[in-house]
Trainee: 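Just passing along the structure, written as structure tokens.
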Amino acid sequence: MTEPTIASPLARDRRVERSRRTLEFTIDALIRPRSWAARLAYELGLQGRVRSRTHLFDLGRLARDAVRPTLRVAFAADFHAGATTDERLLLDACGALAAFEPDLVLLGGDFVSVRASYIDRLAPLLAAIRPPLGKLAVLGNHDLRADRATVLRGLSDAGVRVLDNEPLRLPEPFDDVTICGISDATRGSPRPDLAIDGVTGTRVVLMHSPEGLRDIGDREFDLALCGHTHGGQIATPWGVPILMPGGPLNRQYASGLFDLDGQPRGKLLVTNGVGCSTAPVRLFAAPEVHLCLIT
């Protein structure tokens with residue numbers, strides 16, 4: 001007798017994503033004309049106002065022979081350019097990132113919702129941010145299921161370099177820091193061995209969702225940055241997420257800064273993100289961008 005096949009959590013999540021994509025195309029068709037729903041929600045304050053948050057990370061100062069300047073890293077994710085996100089919210093977020101005067105900008109994916117062509121709404125705003133060390137990104141599940149090539153072209157035009165399972169060591173005086181970009185856990189092909197193994201010094205992991213921790217396993221890193229969860233996008237007044245993407249780690253690390261068990265120095269920062277997905281509304285899960293001061 002053949003044993004029944006038990007679907008993996010990842011397979012179940014992908015089935016949920018397929019059903020959700022059908023719903024999103026339907027909603028997009030209804031609210032796309034002149035982006036009326038997103039405009040109305042923004043004007044009513046139902047997309048929130050961008051919150052700027054600053055974090056200080058002491059990552060490896062004791063391991064260096066010389067003191068270098070503090071590395072200013074601006075981080076944001078989940079712009080979701082499209083019919084569900086008002087373009088003024090995108091402008092607010094990119095303006096806040098530029099106002100940080102960062103050395104480096106890191107972007108955690110989901111640049112578009114539903115249609116890859118929406119990258120044209122966001123790319124000029126990202127292009128206007130010109131940090132001296134550049135702009136690095138990973139793609140999110142929405143980018144990959146829309147059309148990877150179109151999103152990549154838009155990001156390239158904006159001067160954004162996408163890291164797909166690869167490390168990038170920063171130049172002096174920050175050459176003790178490596179950005180380790182890992183492909184999305186749901187729609188991509190994550191290879192943390194290519195991005196992390198053999199890297200020395202301070203390792204900053206850039207990934208799309210907390211589920212990426214499952215692929216990283218017991219590999220050591222210093223700081224991981226991700227989004228995807230939106231902090232629930234719709235939450236209770238005391239911050240408990242109501243709507244969450246599938247995956248136990250997404251629920252466990254819904255939003256905020258976490259010290260990870262089993263990682264001597266490992267920290268995880270999960271952002272609420274910027275835009276809206278599926279519905280053009282945020283409640284008690286404000287859009288946010290981050291300045292990470294790495295010493």
Side-chain angles (χ1 to χ4, degrees), residues 17-43 46-48 50 75-98 105-129 135-162 164 183-184 186-188 208-209 226-230 233 243 245 271-282 285 287-289:
E17 278 228 340
R18 285 194 294 270
S19 299
R20 182 175 176 178
R21 183 154 174 79
T22 300
L23 173 63
E24 287 176 340
F25 265 110
T26 302
I27 294 174
D28 184 81
L30 292 172
I31 67 176
R32 189 182 186 194
R34 300 184 63 188
S35 298
W36 65 269
R39 286 193 296 109
L40 179 60
Y42 182 89
E43 289 166 4
L46 296 178
Q47 295 206 344
V50 176
F75 169 59
D78 303 291
F79 290 90
H80 286 284
T84 52
T85 303
D86 190 85
E87 291 185 56
R88 288 168 292 182
L89 184 59
L90 302 179
L91 179 62
D92 294 343
C94 290
L97 289 172
V105 171
L106 298 180
L107 304 169
D110 273 2
F111 296 96
V112 300
S113 280
V114 183
R115 302 175 190 272
S117 59
Y118 286 137
I119 191 66
D120 294 337
R121 299 183 179 184
L122 177 61
L125 305 179
L126 294 176
I129 308 171
K135 295 166 284 194
L136 304 175
V138 293
L139 297 183
N141 55 302
H142 284 262
D143 307 318
L144 292 169
R145 73 187 188 189
D147 178 47
R148 174 191 179 103
T150 298
V151 175
L152 285 175
R153 281 196 297 271
L155 293 175
S156 178
D157 290 344
V160 178
R161 174 176 174 177
V162 173
D164 187 14
S183 180
D184 177 56
T186 303
R187 302 289 300 186
H208 179 58
S209 80
C226 68
H228 183 60
T229 66
H230 295 208
Q233 187 167 311
L243 300 178
T271 180
N272 283 356
V274 172
C276 301
S277 175
T278 307
V281 173
R282 279 183 176 268
E288 57 188 21
V289 296

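Fair warning: this is a prediction, and the values are worked out from it, not measured in the lab.
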Trainee: Tell me every residue that passes salt bridge (Lys or Arg N to Asp or Glu O under 4.0 Å) with D92, counting only those two or more places apart in sequence or in another chain.
Mentor: none
Trainee: Where do V151 and A116 come nearest, in terms of heavy atoms and distance?
Mentor: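 Minimum heavy-atom contact is CG2-CB, 4.0 Å.
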Trainee: Would you call R39-E87 a salt bridge at under 4.0 Å N-O?
Mentor: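 Here R39 does not pair with E87 in a salt bridge, since their nearest N and O are not under 4.0 Å apart.
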Trainee: Does N272 have any side chain to side chain donor-acceptor pair (under 3.5 Å) partners at least two apart in sequence or in another chain, and if so, which?
Mentor: S255
Trainee: Please enumerate all residues that pass side chain to side chain donor-acceptor pair (under 3.5 Å) together with D120, with sequence neighbours excluded.
Mentor: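 For D120 there are no side chain to side chain donor-acceptor pair (under 3.5 Å) partners, ignoring immediate neighbours.
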Trainee: Could you work out, with side chain to side chain donor-acceptor pair (under 3.5 Å) as the rule, every residue matching S113, not counting sequence neighbours?
Mentor: H80
Trainee: Not counting sequence neighbours, which residues clear side chain to side chain donor-acceptor pair (under 3.5 Å) with R148? List them please.
Mentor: D164
Trainee: Is there a donor-acceptor pair closer than 3.5 Å between any side-chain N or O of T85 and the backbone N or O of C276?
Mentor: yes
Trainee: Please report the closest heavy-atom contact between D143 and V112, naming both atoms and the distance.
Mentor: OD1-N, 3.3 Å
Trainee: Quick one: list whatever passes side-chain contact (heavy atoms from CB on, under 4.5 Å) with A93, sequence neighbours left out.
Mentor: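 Result, side-chain contact (heavy atoms from CB on, under 4.5 Å) vs A93: V50, F79, V274, V289.
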Trainee: Report yes or no: does D110 contribute a side-chain atom to a donor-acceptor pair with the main-chain N or O of A77 at less than 3.5 Å?
Mentor: no
Trainee: Between the side chains of R153 and T150, is a donor N or O closer than 3.5 angstrom to an acceptor N or O?
Mentor: yes
Trainee: How close do Q233 and G275 get, counting heavy atoms only, and between which atoms?
Mentor: OE1-O, 4.3 Å
Trainee: For L155, is there any backbone N or O sitting under 3.5 Å from a side-chain donor or acceptor partner on R161?
Mentor: no
Trainee: Residues in side-chain contact (heavy atoms from CB on, under 4.5 Å) with A158, at least two apart?
Mentor: A123, L126, A127, V160
Trainee: Name all residues meeting the side-chain contact (heavy atoms from CB on, under 4.5 Å) criterion together with V105; count only those two or more places apart in sequence or in a different chain, and write none if there are none.
Mentor: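 V105: side-chain contact (heavy atoms from CB on, under 4.5 Å) contacts with A74, P102, L107, I129, P131, K135.
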Trainee: Who are the side-chain contact (heavy atoms from CB on, under 4.5 Å) partners of D157, not counting sequence neighbours?
Mentor: none
Trainee: Does H208 have any ring-ring contact (aromatic ring centres under 6.0 Å, His included) partners at least two apart in sequence or in another chain, and if so, which?
Mentor: H228
Trainee: Looking only at heavy atoms, which two atoms of A83 and R121 are closest? And how far apart?
Mentor: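 A83 and R121 have their closest heavy atoms at N-NH1, 4.1 Å.
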Trainee: At their closest point, which heavy atom of Q47 faces which heavy atom of Y42, and how far apart are they?
Mentor: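 Minimum heavy-atom contact is CG-N, 3.9 Å.
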